[in-house]
Amino acid sequence: MTENTWGGARAGSGRKLTAPEGVPRKQHQLRASDSEWELIRQLAAIVKKNPEKVKEFLAENAL
């Protein structure tokens, strides 16, 4: 009988644990309505892909 090669851990697979600058991403919790959560989710995607764009937006639109 031969061993199959299905499944198991592979090099380079899975979610990356660190941000681009090499710092581990921590888990955070918050309460939000469904509509707020959708906005937070979209903003989080932008922050991960292009943090400089978000920094510029926040500098121009400070609360």
Review point. Could you state the interatomic distance from CD1 (I40) to OG (S33), rounded to the nearest 0.5 Å?
Key: 8.0 Å
Exercise for review: Report yes or no: do L43 and W37 belong to one cluster of Ile/Leu/Val/Met/Phe/Trp/Tyr joined by side chain heavy-atom distances under 4.5 Å?
Suggested key: no
Exercise for review: Not counting sequence neighbours, list each pair that qualifies as a side chain to side chain donor-acceptor pair (under 3.5 Å) and has a residue in residues 42-63.
Suggested key: E38-Q42
